[in-house]
Amino acid sequence: MEYLLDTANLEEIKYFNEKFPIVGVTTNPTIIANEKGDYKKIINSILEIIGTEKMLHVQVLGRDAETIIKEAGLLKETLKGNLYIKIPVSDEGLKAMAVLKKKGFNITATGILTSQQIVFAAQAGADYMAPYVNRADNIGGDGVRVVSEAYEILSRNKDNKAKILGASYKNVKQVHDSILAGAEAVTVGSDVLKQMIYHPYTDWSIDKFESDWGKVYGNGKNLLDIL
Ligand code: E4P
């Protein structure tokens with residue numbers, strides 16, 4: 001299972017990169033624009049934090065294959081990292097994916113709302129396909145079902161290596177259900193990612209361990225004081 005962080009906020013990236021077992025960061029034009037800074041500076045700062053092994057997914061803006069291919073080339077030339085080029089699924093996007101795959105680029109298909117878009121992107125050469133689970137739910141669709149149907153179809157091809165990267169989450173249930181439905185990777189914003197491991201009874205248990213221990217061995221003491 002792969003967990004990625006869906007933000008371009010440097011403080012959040014520092015925090016989760018240090019404390020959570022994330023394997024990369026995903027961005028899109030909206031996420032980067034939210035930070036209101038110099039584009040190159042933001043991307044390079046993210047790479048400085050996560051290093052060159054963890055994945056960084058960066059999206060193109062071009063609408064036609066030619067521009068997308070040129071943007072991807074420039075990104076690869078200027079950024080030193082484990083880069084995945086995010087390309088929205090469209091006819092031109094699929095064309096660009098096929099060309100870039102042959103040239104050895106890592107590709108993430110994005111902007112996905114249906115299971116067929118996932119399957120087509122996989123056929124075109126995408127490494128990851130990112131269905132927007134919450135956006136599908138928002139318009140009366142079923143984001144988790146998009147994941148499960150695509151997973152079922154992709155699983156018929158035993159050689160398939162392309163992974164579903166669930167995206168656009170607003171709560172833990174959407175993430176958890178996507179994982180059960182077949183998403184091998186998920187990208188999650190900081191708020192929801194924090195909630196993934198939160199349980200009030202866990203916090204209560206930690207407090208109780210400390211106070212029970214303290215009653216016998218001294219409040220505020222830990223094993224460093226005893227061993
Ligand atoms: C992933 O990288 C997507 O771009 C992102 O999860 C979209 O999320 P949103 O629907 O919350 O904007």
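What you see is a predicted model; the values in this text were computed from it and never measured. Counting starts at 1 for both ligands and their atoms, following the listed order. Values reported hereafter were calculated over all heavy atoms of this structure, with side chains retained and with hydrogens, waters and symmetry mates removed.
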Report task. For salt bridge (charged side-chain N to carboxylate O under 4.0 Å, His left out), just list the numbers for Glu18 and Lys14, CA-CA rounded to whole Å, side-chain angles, deciding distance to a tenth of an Å, and then say yes or no. Result -> CA-CA 6 Å; Glu18 193 187 323; Lys14 267 183 215 149; over 6 Å; no

Report task. Kindly determine whether Lys194 and Asp191 satisfy salt bridge (charged side-chain N to carboxylate O under 4.0 Å, His left out), including the steps that lead there. Result -> CA-CA 5 Å; Lys194 234 180 197 170; Asp191 291 356; over 6 Å; no

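Considering Ile69, Thr110, Leu94, Leu100 as possible partners of Ile87, the one that fulfils the side-chain contact (heavy atoms from CB on, under 4.5 Å) test is Leu100.
No side-chain donor-acceptor contact under 3.5 Å links Asn44 and Lys80. With 3.5 Å as the limit, one finds a donor-acceptor pair spanning the side chains of Ser178 and Tyr169.
The ligand atoms of ligand 1 that sit less than 4.0 angstrom from a heavy atom of Thr26 are 2 (O). Interface atoms of ligand 1 facing Arg135, defined by a heavy-atom separation under 4.0 Å, are 7 (C), 9 (P), 10 (O), 12 (O). Under a 4.0 Å criterion applied to the non-hydrogen atoms of Lys86, ligand 1 contributes the atoms 1 (C), 2 (O), 3 (C), 4 (O). Atoms of ligand 1 found under 4.0 Å from any heavy atom of Asn28 (numbered from 1 in listed order, with element): 3 (C), 4 (O), 5 (C), 7 (C).
Contacts with ligand 1 closer than 4.0 Å are made by no heavy atom of His57, backbone or side chain. With a 4.0 Å cut-off on non-hydrogen atoms, Tyr169 does not touch ligand 1 at all.
For atom 11 (O) of ligand 1, the nearest protein heavy atom (residue, atom name, distance) is Lys170 NZ, 2.7 Å. Ranking protein heavy atoms by distance to atom 6 (O) of ligand 1, first place goes to Asp6 OD2, 2.5 Å.
Looking at Lys101 and Asp127, a side-chain N of the basic residue comes within less than 4.0 Å of a carboxylate O on the acidic one, giving a salt bridge.
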